[in-house]
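Since we're looking at a predicted model, the values are computed, not measured. Labels below follow one simple rule: chain letters A, B, ... track the order of the sequence lines, proteins then strands, and each chain is numbered from 1. Just so you know, these numbers use all the heavy atoms, side chains as well, and skip hydrogens, waters and symmetry mates.
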There are 2 protein chains.
Amino acid sequence: MLENESNIEKEIKMIPEPTLRRFPQYIHLLKRLRKESTQYISSTTIADELELDSIQVRKDLAITGVVGKPKLGFDIDELISALSNILNWDNSTDAFLVGAGSLGSALLGYKNFNQYGLNIVAAFDNDPNKIGKTISGIEVLPLEKFGNMVERMKVHIGIITAPPEAAQKIAEVMVQSGIQAIWNFSSIHLKVPFNIIVEDALLTQSLGVLTHTLSEKLKKEIAVLEKQ
Amino acid sequence: MLENESNIEKEIKMIPEPTLRRFPQYIHLLKRLRKESTQYISSTTIADELELDSIQVRKDLAITGVVGKPKLGFDIDELISALSNILNWDNSTDAFLVGAGSLGSALLGYKNFNQYGLNIVAAFDNDPNKIGKTISGIEVLPLEKFGNMVERMKVHIGIITAPPEAAQKIAEVMVQSGIQAIWNFSSIHLKVPFNIIVEDALLTQSLGVLTHTLSEKLKKEIAVLEKQ
DNA sequence: TAGATTGTTAATCGATTAACAATC
DNA sequence: TAGATTGTTAATCGATTAACAATC
């Protein structure tokens with residue numbers, strides 16, 4: 001009972017988003033290291049591998065509640081299970097996907113998501129050419145069935161891989177059906193009630209940073225050449 | 001000549017990364033609004049649409065050099081072209097993709113990238129079952145040909161959609177071949193020389209935020225129910 | 001003109017980094 | 001023990017937000 005209360009307390013203070021975003025990186029690295037049968041790892045090693053600051057790593061890991069041993073470091077298995085628990089990657093959560101185009105099909109074929117707590121159980125579209133097709137073992141259903149099935153299967157996560165013009169409407173259908181969290185792969189900003197979680201995959205954001213940084217680099221190189 | 005100098009000066013001060021990451025969002029919104037034939041838009045409207053702070057929007061837009069008109073706002077077309085120029089989305093940059101699995105195939109099929117300055121011109125893999133296949137009009141070539149073709153076609157961008165075990169080695173091949181920027185879809189952290197640009201797509205990071213936030217939400221709701 | 005909006009300088013906030021004592 | 005490493009408190013840094021003058 002007491003332990004339970006302190007757990008709730010622990011969860012009340014929100015994890016800073018930058019920290020939360022580093023957690024998956026830690027998990028990936030730790031799982032790789034575990035295969036090499038090392039039992040302990042120091043914050044310095046983690047920092048080196050991920051090109052972070054070791055103080056930052058220690059502060060991040062402090063949030064998990066796992067305590068390290070001076071001179072030894074942290075128990076890798078302990079870290080993996082603590083981090084997985086925080087991200088809820090130790091449970092499998094069902095999700096419905098809407099938009100069975102190329103990106104949607106890719107996600108349906110990406111069985112690795114199961115490793116990260118996500119289980120895509122059904123796909124929907126309103127294109128008659130796609131409805132009825134089976135992609136990676138999952139049949140594409142007509143969008144009209146979405147609402148009923150969300151209720152019946154108590155699904156909480158919706159994934160939008162539809163084109164931008166359709167995305168907002170799909171989000172609204174999802175919210176009305178009782179979806180609580182949306183993973184948005186469309187490039188538009190979705191407007192949903194405050195209590196609905198939206199996480200944007202933001203592929204074009206990432207691409208923008210890449211194309212900008214590269215063009216700056218090339219410009220600088222040309223500038224240097226011209227000076228000579 | 002003078003103008004040229006001031007241009008170089010302008011580009012020397014780096015754009016803060018959070019700002020840079022909002023630029024694609026602005027472009028998406030502005031393109032959508034332009035279709036509705038509005039010519040001007042205020043920072044307040046942009047902020048409302050994207051759920052940002054209007055002061056932040058003004059500060060971001062100030063970086064583009066586009067000046068707004070009091071009481072009217074900013075010229076949408078001017079903003080689009082200034083932002084596109086900064087991201088280098090008004091040019092088309094060729095890219096090679098390595099890893100013709102499900103995610104790689106999806107990206108090959110995603111013709112929208114052309115709109116964002118990226119043109120995937122060839123795909124590579126070392127799986128004999130995939131080599132020779134044509135995906136969305138692009139033939140999958142053996143990885144051994146990568147180096148030669150990068151040199152011949154002067155390609156600067158490499159995209160990694162291979163499994164994590166293979167990713168680091170592919171990155172090294174890319175660097176040796178003269179690739180300058182890598183768009184990394186694998187979950188591992190790539191180690192490359194300091195002057196090579198790496199941008200991670202970080203799908204699992206995004207997924208981690210989603211699954212964590214949802215589980216916290218559900219926990220809270222259960223806690224509230226139990227109190228009653 | 002009055003009022004909406006821009007653009008800039010200053011204040012705040014929160015994350016990162018530094019410093020250092022505690023520990024095995 | 002000596003030294004590497006943890007964990008915490010304080011300092012720094014940079015982005016966000018506030019305040020307000022300038023402008024059409």
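- No contact: Ser54(A) has no heavy atom under 4.0 Å from any strand.
- Each of Asp60(A) and Pro70(A) was assigned the nucleotide of DNA chain C with the nearest heavy atom; the assignment lying further toward the 5' end belongs to Asp60(A).
- Contact annotation: Arg58(A) reaches the phosphate of dT6(D) (side-chain N/O to OP1 or OP2, under 4.0 Å).
- If you take CD1 of Ile41(A) and P of dT5(D), they are 11 Å apart, rounded to a whole angstrom.
- Closest-nucleotide positions on DNA chain D for Asp53(B) and Ala62(A) were compared, and the one nearer the 5' end corresponds to Ala62(A).
- Rounded to an integer number of Å, the gap from CD1 of Ile55(B) to P of dT17(D) is 8 Å.
- dT16(C) is paired with dA11(D) under the criterion used here, namely a Watson-Crick or G-U wobble arrangement in which both key atom distances are under 3.5 Å.
- In this structure, Glu51(A) places its CD atom 13 Å from P of dT17(C), rounding to the nearest Å.
- Within a 6.0 Å radius of NZ in Lys169(B), no more than 12 heavy atoms belonging to other residues, nucleotides or ligands are found.
- For dT23(D), the paired nucleotide is dA4(C), the pair qualifying as Watson-Crick or G-U wobble because both relevant distances are below 3.5 Å.
- Taking the side chain as every heavy atom from C-beta outward, Ile179(B) and Phe146(B) approach each other to under 4.5 Å.
- Between Leu79(B) atom CG and dT6(C) atom P the separation is 10 Å, expressed in whole Å.
- In this structure, Lys59(A) places its NZ atom 11 Å from P of dA10(D), rounding to the nearest Å.
- Among the protein residues, Ser43(A) comes within range of the sugar-phosphate backbone only, with heavy atoms under 4.0 Å from sugar or phosphate atoms but none that close to a base.
- Residues Gly68(B) and Glu17(A) each lie close to DNA chain C; by heavy-atom proximity, the contact nearer the 5' end of the strand is made by Gly68(B).
- Aromatic ring centres of Trp89(B) and Phe23(B) lie farther apart than the 6.0 Å criterion allows.
- Residues forming a ring-ring contact (aromatic ring centres under 6.0 Å, His included) with His28(A) (at least two apart in sequence, or on another chain): Tyr116(A).
- In this structure, Lys69(A) atom NZ and dG3(D) atom P are separated by 23 Å, rounded to whole Å.
- For Lys111(B), the NZ atom is densely surrounded, since the number of other residues' heavy atoms within 6.0 Å is greater than 12.
- Taking atom CZ of Phe74(A) as the reference point, atom C1' of dT23(C) lies 13 Å away to the nearest angstrom.
- If you measure from atom CE of Met14(A) to atom P of dC13(C), you get 17 Å, rounded to the nearest angstrom.
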